[in-house]
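Read the structure below first, then the notes.
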Amino acid sequence: MEGKTMVEIDGLKMEVDLRTARRIDTFAVGDNVKVLCKDYNGQYQVKPGIITDFANFKDKPTIVVAVFYEGTWGCPPSIEFIHLYEGMEEKYQMVRADDEELQLSKDGVIERFEREIQKKRNEAQDLQNQLAYFKKHFLKTRKEVEG
């Protein structure tokens with residue numbers, strides 16, 4: 001019985017060779033997942049995500065996952081849609097996330113997005129003010145300056 005073990009599933013006892021046993025996970029749209037993402041430096045980071053779609057393409061069935069990037073100093077938080085299909089294992093790997101594992105605070109994430117939105121509004125207003133100043137004071141004709 002080398003490499004084999006007894007497993008009971010729903011009252012049915014089976015002998016399974018663990019060397020060749022495979023685990024099959026089932027996922028559904030809306031499931032919380034953890035995605036291991038390889039960055040441009042070859043480093044890996046685990047990001048929280050949620051399955052948004054299963055695209056049943058003939059050649060490459062694809063799982064679409066919305067992945068949340070918290071952002072860092074100078075980089076705002078963002079949501080990126082990644083596409084998982086056969087051959088993407090080098091760049092992305094996905095596993096189910098338990099609700100207790102998710103380290104995100106809903107209120108904290110919303111606050112960060114709102115803060116970033118306000119920052120962009122302030123930047124837009126600053127650009128509007130600079131444009132108005134430019135139109136009023138720069139590139140005047142000699143007649144307008146002497147007038």
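The chain is numbered in sequence order, starting from 1. On a predicted model such as this, the values are computed, not experimentally measured, just so you know.
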Would [X] and [Y] show up in the same hydrophobic cluster when neighbours are defined by side-chain heavy atoms closer than 4.5 Å?
X   : Y   : value
F54 : V35 : yes
V67 : V29 : yes
Y69 : I51 : yes
V46 : V95 : no
L84 : F27 : yes

Checklist entry - Taking all atoms of both residues into account, what is the closest heavy-atom pair of I79 and A66, and its distance? => result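 What the structure gives for the nearest pair is CG2-CB, 4.0 Å.
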Checklist entry - Do you know the tightest heavy-atom contact between G49 and V65? => result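 Nearest heavy atoms, G49 then V65: CA-CG1, 4.2 Å.
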Checklist entry - side chain to side chain contact (heavy atoms under 4.5 Å, CB included) between Q118 and R115: does it pass, once the steps are laid out? => result CA-CA 5 Å; Q118 187 58 49; R115 200 170 42 238; 5.9 Å; no
Item to check | Residue pairs involving residues 75-94 (criterion side-chain hydrogen bond (donor to acceptor under 3.5 Å, both in side chains); sequence neighbours excluded) | outcome: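 Sorted result for residues 75-94: K38-E90.
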With rounding to the nearest 0.5 Å, note down the distance linking [atom1] in [X] to [atom2] in [Y].
X    : Y    : atom1 : atom2 : answer
Q45  : Q43  : CD    : CD    : 8.5 Å
D31  : T26  : CG    : OG1   : 8.0 Å
M94  : M88  : CE    : CE    : 12.5 Å
F138 : L131 : CZ    : CG    : 12.0 Å
Q130 : Q125 : CD    : CD    : 11.0 Å
I82  : T52  : CD1   : OG1   : 9.5 Å

Checklist entry - Where does the angle between the aromatic ring planes of Y133 and H137 fall among parallel (under 30°), tilted (30 to 60°) and perpendicular (over 60°)? => result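 Y133 and H137: tilted rings.
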Checklist entry - Does any N or O in the side chain of D39 come within less than 3.5 Å of the main-chain N or O of N41, such that one atom is a donor and the other an acceptor? => result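 Checking the backbone N and O of N41 against the side chain of D39, a donor-acceptor pair under 3.5 Å is found.
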Checklist entry - Heavy-atom count around Q128 CD within 6.0 Å, excluding the residue itself: above 12? => result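 Counting other residues, nucleotides and ligands, CD of Q128 stays at 12 neighbours or fewer.
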